[in-house]
Amino acid sequence: MSWEKDFNTLELKWEQRWEETKIFYSSLDNNKPKFYCLVMFPYPSGKIHMGHVRNYVIGDVIASYKRMTGYNVFHPIGWDAFGLPAENAAIKHNIPPEKWTWDNIASMRTQLKRLGISYDWSKEIATCEPEYYKWNQWFFIKMFERNLVYKKKSPVNWCPKCQTVLANEQVHDGLCWRCDSEVLQKELEQWFIKITDYAERLLEGLKYLEGNWPQEVIIMQKNWIGKSVGTEVKFRIENGKFNELTVFTTRADTLFGATFISVAPEHEFSRYVAENNSKVAEYLSHTLNKSLKERKFAKDKTGIFCGYYAINPVNNQKIPIYIADYVLMEYGTGAIMCVPAHDQRDFEFAKKYNLPIKEVIKPVSGETVLPDAAYELDGIMVNSGEFDGLPSSEGRERITEWLSTRNLGNKKINYRLKDWLISRQRYWGTPIPIIYCPRCGTLPVLEKDLPVILPKNVKITGVGESPLKYVPEFVNTKCYNCGSNATRETDTMDTFVDSSWYYARYCDPQNTNLCFDKEITNYWLPVDQYIGGIEHACMHLIYSRFWHKVMYDLGLVSTEEPFTKLLTQGMVTLNGSVMSKSKGNIVEPETIISKYGSDTTRLFILFAAPPQKQLDWNDKGVEGCWRFVNRIYRLVTTVYSSEEKKFPEDDKEYISHRNQLLHTYHKLLKKITQDIEKEYQFNTAIARIMELTNALFSYPYLGDSVSREIIQNLVIILSPFTPHLSEQLWELMGEKYSVRLQPWPKYDPELAKEKVVEIPVQVDGKLKIRITVETGTDEETLKEIVLSNEKIKSVINNKKIFKWVILKDKLVNIVTKSTVELS
RNA sequence: GCCGCGAUGGCGGAACUGGCAGACGCACGGGACUUAAAAUCCCGGAUCCCUUUUAGCGGAUGUGAGGGUUCGACUCCCUCUCGCGGCACCA
């Protein structure tokens, strides 16, 4: 047997052994600190890709290391099994989504097992199982009871290709997150979850994640939530059914400069006006038919005067009301006061439609303001009556107060975050547990009737409304209240619901009475380390933080945040670009594994870049790791093919080499341990392991007791990275299964210390010589040594020494410059 | 436009808290072993200059560009360039 030839057989052998012996199955244990290590679960597309491999390998190293350092580790895996691709496959290949999904799970499970990851497979879940989605429905009902769920007709994002609506988070640059089609705006009645009720807490919670989550993600979420503090101002309207219009502004200090009002085309005021004004009606129909992208990325602003005027409450000025396409219905009140002198957009609009521009803020510096642009910064108020002379910040508060006391306005906080649209007009998802009764109205399904089972054998065409609409056995039901004929809701839930709480279900996946047993989740939760891609920063990672807070409010979990630490791994690319089917530049993990084995693959992925960084795939680099793996195998087999070698204890040469090796080992082990503990720098940890291997190979007494012991520890140290190889070598050394349960070796801090150090000697900051001294040599001795050096003597010559900079064991710098001598 | 991150040899990447830039690996060059190749092992790498010692424990330059602080800067500060990511008519 050799690794080079038989790695495949050997790797499979150990995978089977791990499976049979169930050594990674977890249980509650109060004698050890717990560690919940979670990787973002995969969508069962059928094939794992390099991104998966990277994600799971990083997770496995962390889980393994924690296990070896005395933690009770929980490392589960499962399947995010609902979703559109299953339906698309059904349409294309005429396979039921369920079968397609389960087939994929089966094949991906095999592929995953081939990576040798230390999962607790006994906790495996798939979100498409009724035992799981029943609890999605249960949570939905709980939220319904708490008024956190509502149905409402409003303009929503519609993907024409996926034939379903999308949440705000799932539209990127006006395109569908899944298929990149241009998203349209449609006025539809849909189910929403009131995530905005939690906006402040989601924002607040980010403070606790500071330092443990990547700064990047925290900032992205902050931006996404988009809190802004401002003022709502009521403008009285002359004539008409509406007697006032409320606007939102963050710049109340500019209120005196408002010279017109603009209202979003979707605003009910606009519709009202259109009823009796054909020009306005025409404008509306034209504008409302534009796609989201067309609207949002339009260069030119358009609008139309509606025929009505509003009264500015602070100065009673009569100003025209426009309907304009640059006003967003979904933000603030859908109406804005326009101050062209101090807002560039209003400025452009005013120029185009010849509206007055009135300056009310002067820069503090007193400089003149450009005539061809708005002055948008804070300054000093002018032309603002009693508020003249106030700085902007104070003016905002004073004007808001002034309005409040007169009931003309109030302080208001707005968020960019919108309520989560969760209904989908698709089949392969959790049925929304709602019954419509002609007499009793909209009713949540009773808890005892859960789950509402997703019917099988449903025809999926990919067009029209929800496929469930055409399943009478599903749709038709009786009202539990009055017994009348009633119908079921036929939309299903966004699959992001499934992934919002799966980490809690993992703890207690078989529970049929509860979503999970609190006693168990209280032991494991929160997740100590979460690992996944950054693309979920403003999707899954916001939704599940929200969901967790709801579970907290329901008394189901005892912490406010679900994921204590987050690691966002970088992408895996090929020649710098993302691997994708359409580009045809995919490196298949299966191909690589069959060629080099999974240990080599794991090692390369960890070695080529730190986990957070993008990793560019490189076949040559893989070969380097392949060589290293074989080198280790060769080292251990050569040494262990013969008995321990003995050398005389009075051989000075031997003792000196031996001490040197021991020192190198402890020094490197210290670094390896620190590299892993500190930000999971596996690339440098592996580099140190390579150094240690090199040191062993060049040790002249290889095979003595010391080197044998170090080799044993080397095999243990390697086991989180190359578990199969380590098991094989561990067995070969005659040790007891399993190396993966061995304690992580401890370094001796004394031995790790350098006995002698090489110190750079600089003159005026320039390196001149290096001297080797005993560790801890004092300053005086260092000065003596340095001054007696011929080279230094000649460099110093007869220059005056102004200062010595001496850092013990680190550096000597002689300063002959006199730049600071006076001080 | 706003916010954030980054830029180090031919390449991936190292460098503690401001203290020897280039760890480790890849690629490359040379050598050993071999009939040969593969594999393996060993050695060598930035640029320019210097010199009676052509190899030296010699000098200078060098971490995107320019400036600054410091005895000393890949690291801190300012300005700029390029690249990546997020948000974007958010009032």
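Summarising the base pairing, B:C76 is matched to B:G68 through a Watson-Crick or G-U wobble pair whose two defining distances lie under 3.5 Å. When both distances must be under 3.5 Å, the Watson-Crick or G-U wobble mate of B:U17 does not exist. Across all strands shown, B:A32 is found opposite B:U40 as a Watson-Crick or G-U wobble partner, with both distances under 3.5 Å. Using the Watson-Crick or G-U wobble rule with both distances under 3.5 Å, B:U53 pairs with nothing in any strand shown. Partner assigned to B:C2 is B:G86, using Watson-Crick or G-U wobble distances below 3.5 angstrom.
Atom CD of A:E4 and atom C1' of B:A38 are 10 Å apart (whole Å). What separates CD of A:Q612 from C1' of B:G85 is a distance of 16 Å, to the nearest Å. Taking atom NZ of residue A:K5 and atom P of nucleotide B:A39, one finds them 14 Å apart after rounding to whole Å. The interatomic distance linking A:E169 (CD) with B:C87 (C1') rounds to 13 Å, in whole Å. Whole-Å rounding puts the A:R688 CZ to B:G13 P distance at 17 Å. In this structure, the CG atom of A:N223 is 12 Å from the P atom of B:G86, given to the nearest Å. For A:L175 and B:A88, the CG to C1' distance is 15 Å, given to the nearest whole Å. Spacing between atom CG of A:D253 and atom C1' of B:A91 amounts to 12 Å, rounded to whole angstrom units.
The shortest distance between the side-chain N/O atoms of A:N683 and the OP1/OP2 oxygens of B:A14 is below 4.0 Å. Side-chain N/O atoms of A:R631 include none lying less than 4.0 angstrom from OP1 or OP2 on B:A39. For B:A27, the OP1/OP2 oxygens have a side-chain nitrogen or oxygen of A:R627 closer than 4.0 Å. Dashed line: the shortest gap from a side-chain N or O of A:S228 to OP1 or OP2 of B:A91 is under 4.0 Å. OP1 or OP2 of B:A88 sits under 4.0 Å from a side-chain N or O of A:R416. In this structure, A:Y331 reaches the B:A91 phosphate: one of its side-chain N or O atoms is under 4.0 Å from OP1 or OP2.
The base of B:C89 is paired with the side chain of A:K301 by a donor and an acceptor separated by under 3.5 Å. For A:N813 against B:C71, a side-chain-to-base donor-acceptor contact under 3.5 Å is present.
Here the separation of B:G18 from B:G6, taken at their P atoms, is 15 Å to the nearest Å. Going from the P atom of B:G45 to that of B:G10 covers 16 Å, rounded to whole Å. Using P as the reference atom, B:G4 and B:C78 are 12 Å apart when rounded to the nearest Å. B:U52 and B:U47 are spaced 24 Å apart, taking the P atom of each and rounding to whole Å. When the C1' atom is used for both B:A15 and B:U8, the distance is 10 Å, rounded to whole Å. Spacing of C1' atoms, B:C26 relative to B:G9, comes out at 13 Å, to the nearest Å. Taking the P atom of each, B:A7 and B:C77 are spaced 14 Å apart, rounded to whole Å. Atom name P, nucleotides B:U75 and B:G58: the rounded distance is 26 Å, in whole Å.
If you check every strand for non-hydrogen atoms under 4.0 Å, A:W224 touches sugar and phosphate atoms only. Among the atoms of the strands shown, only primed sugar atoms or phosphate atoms (P, OP1, OP2) are found under 4.0 Å from some heavy atom of A:G624. Among the atoms of the strands shown, base atoms are found under 4.0 Å from some heavy atom of A:L328. Across all strands shown, A:E758 has heavy atoms under 4.0 Å from base atoms, whether or not it also approaches the sugar-phosphate. If you check every strand for non-hydrogen atoms under 4.0 Å, A:D343 touches nothing. The residue A:K613 sits close only to the backbone: its heavy atoms come under 4.0 Å of sugar-phosphate atoms, none of a base. Contacts of A:V327 with the nucleic acid, taken as non-hydrogen atoms under 4.0 Å apart, include base atoms. The residue A:N414 sits apart from the nucleic acid: no heavy atom pair falls under 4.0 Å. Residue contacts for A:K620: at a heavy-atom cut-off of 4.0 Å it reaches the sugar-phosphate backbone alone, with no base atom in range.
Using a 4.0 Å cut-off between charged nitrogen and carboxylate oxygen, A:E210 and A:K207 do not count as a salt-bridge pair. A salt bridge links A:E348 and A:K301; the closest N-O separation between the charged side-chain nitrogens and carboxylate oxygens is under 4.0 Å.
Taking the ring centroids of A:F7 and A:W626, they lie under the 6.0 Å cut-off.
Between A:I219 and A:E623, the residue anchored closer to the 5' end of RNA chain B is A:I219, taking for each the nucleotide with the nearest heavy atom. Comparing A:A609 and A:K768 along RNA chain B, the residue whose closest nucleotide (by nearest heavy atom) sits nearer the 5' end is A:A609.
Among B:A91, B:C24, B:A23, the nucleotide with an atom closest to any side-chain atom of A:T684 is B:A23. With B:G19, B:G13, B:C57 as the choices, the nucleotide that has an atom nearest any side-chain atom of A:P610 turns out to be B:G13. Nearest to the side-chain atoms of A:Q762 among the listed nucleotides B:C24, B:U40, B:G19 stands B:G19. Counting only heavy atoms from C-beta on, A:N694 has its side chain closest to B:C24 among B:C89, B:C24, B:C87.
No more than 12 heavy atoms of other residues, nucleotides or ligands sit less than 6.0 Å from atom NZ of A:K753. Residue A:K351 qualifies as open at atom NZ: its count of foreign heavy atoms under 6.0 Å is 12 or below. Residue A:K411 qualifies as open at atom NZ: its count of foreign heavy atoms under 6.0 Å is 12 or below.
A 4.5 Å side-chain heavy-atom check between A:I717 and A:I672 finds at least one atom pair inside the cut-off.
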Item to check | Step-by-step side-chain contact (heavy atoms from CB on, under 4.5 Å) determination, A:F349 to A:Y322 | outcome: CA-CA 10 Å; A:F349 194 82; A:Y322 274 72; 3.7 Å; yes

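Anti is the glycosidic conformation of B:G6, whose angle departs from 0 by more than 90°. In this entry the base of B:G44 is anti relative to its sugar, with a glycosidic angle more than 90° from 0.
Note: A:W3 and A:Y633 have tilted aromatic rings, judged against thresholds of 30 and 60 degrees for the angle between ring planes.
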